[in-house]
Each structure stands twice: as C-alpha cells, then as structure tokens.
Amino acid sequence: MVASEFSPQNFSEPSQESSRRSAREIIPLLLELIQPHSVVDVGCGVGIWLSVFKEFGIEDCLGIDGDYIDTENLQISPAEFLLFDLKKTLQINRKFDLVVSLEVAQNLPIDSAKTFIDSLTNLGSVILFSAAIPSQGGTYSLNEQWPDYWLQHFQRNGYVVIDYLRKKIWNHENVEPCYAQNLLLFVNHNCIEKYPSLHRELKNINTSQVAIVHPQIYLKSFSVIENKLRSISLDSLISLIPKKIVEQTPSVIPTIREIRQQLADFLLTIPTESIENTYSSSVGKVHQLIIDSGIKGELLTDTEQHFVDSLTANIARGFDDPKAIQYLLVAMLYRQAYHLPLTYDFTCTPLWFLKEYLKFILYYPGYFQEVGEVDKYYKHIQKLVNYVNINFFNNQNSELWHNIASFVVKSIKITYLYFSIENLRDIFTKIADIAELVLKRKHYKIDYTFPERLVNRKKIRIGVLKNHFLPHPETYNTLPIFEYLDRDKFEIILYATEVHDHPLEQYCQSRADRLIKLPNDTHSQVQAIRADDLDILFIATTFLISLVLHRLARIQTTYFVSPVTTGARNVDYYISGSLVEPLEAQAHYREQLVTVNGTGFCFDFTSEADAPTIQLNRKILGVPDESVVFISGASFFKIIPELRITWAKIMADVPKAVLLLYPFSPIWDTQYAKQFLFGKLTAFFANYGIEKNRLIILDIQGRSNVKECLKLGDIYLDSCPYSGATTTVEALEVGLPTVVMEGNALRSRTAAALLRELQMPDLIANSEEAYVQLAIALAQDANLRQQKSAEIKQKMQQIPRFMDSRSYSKQMESLFQELCRQKFNSEK
C-alpha cells in the first residue's frame, strides 16, 4: 500500500487527453474573438486547459479548484494553482481578461449556483462557460440544468450571452460532445463594445434557442434511461443518482430502497473468491453512490431491520467468516459503523478493501437521529482511536500503519464528540499523539528550543493565531484577548491564513503591531512563526491542527474556542473561567488549566452595527398573540434526539406554545438541506403529538437579524448537553428569560456561567426534569417572565464582564505577565 492510494480523485472534467484535444481546437477560435493576456480557470482540475492556453502564448494563468485535486499531477506550476472550496464566494483582488469554467457548475449543490456565478463575474468581463444539461450524466452531477437556468443567473449580474463557438465545433471529431453542446460566452454588457467581434455576434443571438442537445449525448442518455427502465443493469439504474439526493428529492427514497436491496442480494450471492474483482468493477462505484445518496439517514423498515439484524450477527463473527467482506459491504449500505459490532483488525482487512473500510468506519453524515446514538459514536471513536494509537506506536516504521494513521487523522469527525457527556481528554490526546507521529515521519520538526530570551527585551511578545479576522463569533471573542493590552508592555502579532482587508480585520490589526498572512503550507507557517521569537502564542482556532502540534512559542495557550482539550503536547495552558469549570476540571485537559474570575471568555460586538434586513412579527409567522413562544438558535447539529425529546415534553405541557428555531448556523456548516431537515424535525415532533404549525424553522443570518427574531420569543431554550455561548449572549441582549441545563464540563456549562455572572442561578437547571419544569413554569407565569426579563435587561445594561472587553483584556494582561514570570524565572 502506498500513500497515493489514499488520495481523492478529480471528477471535474472529461479524460485528460480528450480534454486537451478539445482545448486545442476551441482556443484558437476563441482567440479570434478576443485577445486575452490573462486567463483564470475556475474548476480547472489539473490545469489541462490552462496548459493549452500557455501553448498559445498566454503566460498569465491561474487555476482554481478544491482539495480533491492531486497537485502532484498539475499541468501548470503550483504557483499558478489556488486551492479553494468552489461552494464559497471567491474574491480575488484582480481581474482577468478571460474567465473559464467548464463542466463544473453542475457538480456543485443547487444552493451554491448563485454564489458560483457571482464568483465568476467578480473575476472578469468575459466568461467561457459550460455546464451539463439534465440527464447528461456524471458521477457527481448535483445540479444539471438547461442553459436558460445559467443564463438567468448571468443576466442578473449584467451579462449577455454569445453563442458563437458551438456552431464552429458542433461536428468536430476532436471536440468532446459536452463542449460542443454546452459552450457559451458571457460578456458584461457594459464592456461588449470593447470586443467588436463579440458585439457583432450579439446581434445574431436568439436566446430562446440556447438549449440544444448533441446527438451523441442524446444517444448516450437515451441508452442509460432505456436500460434503467428495463432494469437490465444495476449500475445504470443508479448512475444518475447524485450525492445526497435523498435530501434534495425525498420522493426517490422508495426507488433507492429497492435498488439498495437488489445490490445487497447481488453482493451476498456472488462467489466469495470473485468479490475483489467484482467490487473493482462498476459495482464498487454503484455501492458508493448508494451510500452517498443519503439513504442511510432514513429509518429502516421492519423488513430491512430484520435483514440488518441477520447481517449484524454474521459481522460479529469477524474476518474469520469466509463471507465477512460481503457481509460488511452489504451492511455499509444500511447502517453507520457505530451501529455494528465491527472488528478493527486492519491487518486482516484485504488491502483492496482497506480504504473503503476506513472511510466507512470514519464517516458520519452530519447529525444524530436516534436516542443513544451520541454514546454509540463516542464508544466507537474511543475504541478506534485506542486501536490505531497502540498499533501505530508499536509499528512506527510500517508504511501500512503510517497510511492508516494519516487517513484517520485527516478524516475523523471529532467535533461530533462534543455532544457526548463523557470526558474527552483521552481521545483527543491520543489523536494528537497520532497526528504528531504522522508529522514526524514526514520529517516535520515538532519540537524546538528557543534561544535565550534577550535581557533587554522589555515587552512580552505575544502572537494570536486564527484562520481569519472576519466577522465571526470566534473573532468577536478573540478580540478582547488583545484589544486593550498595554502596548508599553506587550508587542502583539496577529497571524492568519486568510487576509481579506475587511473593516473588522482592519480594526483588529489596529489593535496590534502587525498582521501577518501565513503561507499555505505547514512547514513555512512553522518557520514564519518561530522566526518571530514569540514569548506567548495564543491559539484562537481549532482548524490548524498540524500547526498547533508544533512548538511555536516559549508558552502556548488556548481557550474555549476549543470547547475541549486540544490534546496537543505542545499546548501548555488552557485558559478558562472560575464560573465555568467544575472542581475536578483539570481531569478534562492535557494542558495546565488556569482560570480567571468569571466566565473566562468575553465578546466585543461593538464593531458590528448593521441594521436588520428583515421584518418579523407574529402575524407574518402565523403565531397567535396568546401563544407562548419558546425560541432557540442552537445549531441543528446540537439538537440531538435527547434534546428534541426534552423540548417535546415542554411543548406537550404547554398546549398553545410555539417552538421557533433558527438552527442553520454558518459556524457549523455552510450548506444545509433546509427543507429536508425541516421535514425531519416536524416528523420527530409529530411522533410526540406536536402539530406541524407549532414548529417554526427560520433561516436567519446576521446578529441584527437574529435579534429581530429573538424579540418574538418569550423564553429562550439553551441546548444541552452542548450549551450555547454566542447564541445565549444574543438572547440575553434582548432580555429573554433563558433556560439552561448545567453539565459536568466546560462545553455544557458556558450558558450557565453567563447566568451566574448575571447572578441569576434560578434559571439554571441541574437535570432534564428541572429544565422541563423551569421552562413550563416560565411559560405559565407571564409575570415571572416579565420580572426575569426586566432583571436581565438591567444587568446587561451594566455591562457584565463577558461583554466588557477592556476589563477582560486587563485580566489577560495580568495572566500573561504571571505565566511569563513563572516561565522565565524557572529557566534562570
């Protein structure tokens, strides 16, 4: 096994050679119309088209694509390639003469279409564009649309269509049919006169005839559909099913259930000795498509459950059973790994199956659906991490175990462990140790001895590490760390992997000596930070794990941006608050726990003063005036089944109550299948007798809009066991009585700490029963609600410590000085 076996593949364009042949025919025609000096290809794959542009003398090229691209196979220089998630808005501080995006747009989710076209039009005035039409087919086609669909998106941005190239290449044998069918030029109407050839062609366009089908694609699509209808071939039946189609089109669920059962029957009946060859064929692709369809998120029917129970009994026998791989392959179609009695003996797993087995073991679809699932996931990950940790450290020179460990570190979903009530120190410590050893085997210098600190250095040099300093809860609670540090005593350096020149970023930079954009690779990032000879590095992110494992400063510390221990050996201190940590708190941290008075965290929202862009009232939402409105901004992922049941109990005892949620937090995800998730929640509450009209789910973004929404509520329900911080503060800012449940670790005590800071412990419950009773008591007593609301507003107007950035900075100042005093005195 070699490392390349663990590399994702690129599915964004046709085969390389056919793509190159097409480019060599099309680009000369394009150059007759315009004479670009610079080209950007968005969704460039390995850069085939850009390499051909270079053949024709265009040297200023940039390719952009996602992290699935194997950069070792790039056809352009790595310096000409930008790694970027194409689902997000792309903004580069320059324009290009020509923007290219070919057969890419259809691979992005439907709700990314507008964002993607906005990104293209931000890059230049002339765009060469193609995207697959319906039934054209493709492994990852999520949004196949007729050209009119894309035309409308471009028109909204002020672009006109030029349909010139297709008639030139329609029957050309060296041009892929997808280009001959879909290739269009879009030009900013304000710039069209700069291109006489394009301006002439504009007069010949009939926009009602841009949707056409190439004969070869028609015949191919017809063949696939015909085979599907005749049920001749299993892989043709589902080759048109895009990823997570269940979330996009729930009506297909019965069909996918039937196809799944057909594949299961097939896999169980083929000869054991032929399973490897069978899986390496299109059957393996079909298998993965069913898994990716999202069907495993649906509850099993009684028949399916009986079938899976028999599979589970067979899987429990381990790899000694001759049909063990077949049982596993079938079970993978129905259940998540943590539902099965798996054997983590990777040395007995056939190499051809190992990658798929690891993917299955590490995969999590995004949210928990069944009571007890959180605990199952915790035990599953605990068992897996223990197993990998022991074997990797006992076999450090094994290429097999190095690849397994690398894959586990890269793919494991540790954030979903936050919903567990268990102590996570052991798991996170072992993951960090595994990751550190992986880096050491790749020759990263994890440890570092700093030179003796200069005697004449009067200031403490502190670095603050984040991904970015854009508007985000992490920025608002990182800013108070350094905002008012005494600049006569501290030199402050901000480090970010992204720099955007946003006003908030500019303000953060004004409160520091320097803002440094870190290089893209970990080696260079380490060198850049170490070169600054820091006394303290304050780690304000959970995303730069490989970087954080290194010794980068004499003292390294973090805080509640990581709601659990980092587990990293080189992080010395975890800063928390006296109100948020239980007595036995040190047992939860690998770092040395230090506490300051209060919550231990602070928010500074003063730079965000946007006016609300929405208007909401009860009439608009159809909420009767007499209804009590429970409200929560807890992320959808935090609303685990146990919490849903707790809320259902409250709603059942307050018959006229309405539950209003705005759960689509961008902190957790940027792409939610909102209608699908709404259906899941309403179905869940319906099982507890809660009518659909008593549950309102809104998509609200931005603090000002959130506050407008919160004003509709009577009682705020905090999530548990993973409680809120930003969302709870927002509820308190508008004076909402807030019901919280306090747990046994920081992540389940942040909201309670906020209320303790306000000296309102009577709104804190210590059990589910107390939580339910408190919520019901508030719902049934309007006077009590008004009293608590007035008390909260009064205390928030007094600026509590968790909103007092100046006071918090001074707390940090004293703490940083003390940590340095201890460190430097001990070294003398």
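These numbers come from the heavy atoms of this one structure, side chains and all, not from hydrogens, waters or symmetry mates.
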Per side-chain hydrogen bond (donor to acceptor under 3.5 Å, both in side chains), Thr565 is matched among Glu591, His588, Arg425 by Glu591

Over 12 non-hydrogen atoms of neighbours within 6.0 angstrom of [atom1] in [X]:
X      : atom1 : value
Glu584 : CD    : yes
Lys445 : NZ    : no
Lys517 : NZ    : yes

Please examine the side chains of [Y] and [X], heavy atoms only from C-beta on, and report whether any two atoms are closer than 4.5 Å.
X      : Y      : answer
Cys508 : Thr475 : yes
Asp67  : Asp85  : no
Ile493 : Val464 : no
Glu498 : His500 : yes
Ile516 : Leu494 : no
Tyr363 : Ser411 : no
Ser632 : Asp718 : no
Lys383 : Tyr344 : yes

What distance do [X] atom [atom1] and [Y] atom [atom2] have between them, rounded to the nearest 0.5 Å?
X      : Y      : atom1 : atom2 : answer
Asn467 : His472 : CG    : NE2   : 9.0 Å
Ser719 : Leu643 : OG    : CG    : 6.5 Å
Leu579 : Thr750 : CG    : OG1   : 12.0 Å
Arg453 : Ile460 : CZ    : CD1   : 6.5 Å
Met741 : Thr646 : CE    : OG1   : 6.0 Å
Glu813 : Tyr808 : CD    : OH    : 13.5 Å

Flag for [Y]-[X]: side-chain donor and acceptor within less than 3.5 Å:
X      : Y      : value
Tyr559 : Thr478 : yes
Thr343 : Asp345 : no
Gln369 : Glu373 : no
Thr595 : Ser578 : no
Asn386 : Gln382 : no
Ser809 : Glu483 : no
Ser406 : Asn403 : no
Tyr495 : Asp532 : yes

Over all atoms of both residues, closest heavy-atom pair of Val596 and Leu815: CG1-CD2, 4.1 Å

Would you name the heavy atoms of His550 and Thr522 that are closest together and state the gap between them?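 Nearest pair, atom of His550 first, then Thr522: CE1-CG2, 4.0 Å.
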
Output yes when a side-chain donor or acceptor of Arg441 lies under 3.5 Å from a complementary backbone atom of Gln396, and no otherwise. yes

Is the side chain of Thr558 donor-acceptor paired with the backbone N or O of Ile539 at a distance under 3.5 Å, no angle test?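 Flag set: sc Thr558 to bb Ile539 pair under 3.5 Å.
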
Carefully, step by step, assess Thr599 and Phe802 under the rule side chain to side chain contact (heavy atoms under 4.5 Å, CB included). CA-CA 7 Å; Thr599 60; Phe802 59 78; 3.8 Å; yes

For Phe636, is the NZ or CZ atom of Arg644 found under 6.0 angstrom from the centre of its six-membered ring and inside 45 degrees of the ring axis?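 Yes, a cation-pi geometry.
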
Test side-chain contact (heavy atoms from CB on, under 4.5 Å) applied to Leu384 and Ile361, Asn389, Ile427, the passing residue: Ile361

Passing candidate, side-chain contact (heavy atoms from CB on, under 4.5 Å) with Phe346, options Leu358, Asn391, Leu400: Leu358

Please lay out, stage by stage, how Ile639 and Trp647 fare under the test side chain to side chain contact (heavy atoms under 4.5 Å, CB included). CA-CA 10 Å; Ile639 309 174; Trp647 287 354; 3.9 Å; yes

Could you please spell out the steps behind the ring pair (Phe, Tyr, Trp, His ring centres under 6.0 Å) verdict for Phe407 and Trp401? CA-CA 10 Å; Phe407 193 85; Trp401 276 105; over 10 Å; no

Test of ring centre spacing under 6.0 Å for Phe538 and Phe482: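 Between Phe538 and Phe482, the centre distance exceeds or equals 6.0 Å.
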
Aromatic contact, Tyr444 with His523 (centres under 6.0 Å): yes

Pair Glu370, Arg335 - check salt bridge (charged side-chain N to carboxylate O under 4.0 Å, His left out), show working. CA-CA 12 Å; Glu370 302 173 14; Arg335 300 298 273 167; 3.5 Å; yes

Yes or no on ring pair (Phe, Tyr, Trp, His ring centres under 6.0 Å) for Tyr416 and Tyr418, after CA distance, side-chain angles and deciding distance? CA-CA 5 Å; Tyr416 296 107; Tyr418 296 167; 8.8 Å; no

Could you tell me whether [X] and [Y] make a salt bridge, using a distance below 4.0 angstrom between a side-chain N and a carboxylate O?
X      : Y      : value
Glu581 : Arg749 : no
Lys823 : Asp535 : no
Asp513 : Lys459 : no

Going by salt bridge (Lys or Arg N to Asp or Glu O under 4.0 Å), name the pairs with one or both residues in residues 461-472, residues two or more places apart or in two chains. Arg461-Glu491

Report the relative orientation of the aromatic rings in Phe603 and Phe560; use parallel for angles under 30°, tilted for 30 to 60°, perpendicular for over 60°.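 The arrangement is perpendicular - the two ring planes meet at more than 60°.
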
Determine the interplanar angle of the Tyr377 and Tyr338 rings, folded into 0 to 90°, and report it as parallel if under 30°, tilted if 30 to 60°, perpendicular if over 60°.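 Ring orientation of Tyr377 relative to Tyr338: perpendicular.
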
Please step through salt bridge (charged side-chain N to carboxylate O under 4.0 Å, His left out) for the pair Arg569 and Asp447, ending with a clear verdict. CA-CA 10 Å; Arg569 178 174 57 88; Asp447 295 308; 3.0 Å; yes

For Asp572, run the salt bridge (Lys or Arg N to Asp or Glu O under 4.0 Å) check against Arg590, Arg554, Arg551 and tell me which one passes.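 Testing each of Arg590, Arg554, Arg551 against Asp572, the sole residue satisfying salt bridge (Lys or Arg N to Asp or Glu O under 4.0 Å) is Arg551.
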
List the steps and the verdict of side-chain hydrogen bond (donor to acceptor under 3.5 Å, both in side chains) for Asp426 and Thr429. CA-CA 5 Å; Asp426 186 60; Thr429 297; over 6 Å; no

Apply side-chain hydrogen bond (donor to acceptor under 3.5 Å, both in side chains) to residues Gln822 and Glu818 and explain how you reach the verdict. CA-CA 6 Å; Gln822 295 177 12; Glu818 175 60 20; 2.8 Å; yes

Worked check of side-chain hydrogen bond (donor to acceptor under 3.5 Å, both in side chains) between Asp292 and Gln288: CA-CA 6 Å; Asp292 290 344; Gln288 191 59 51; 3.1 Å; yes

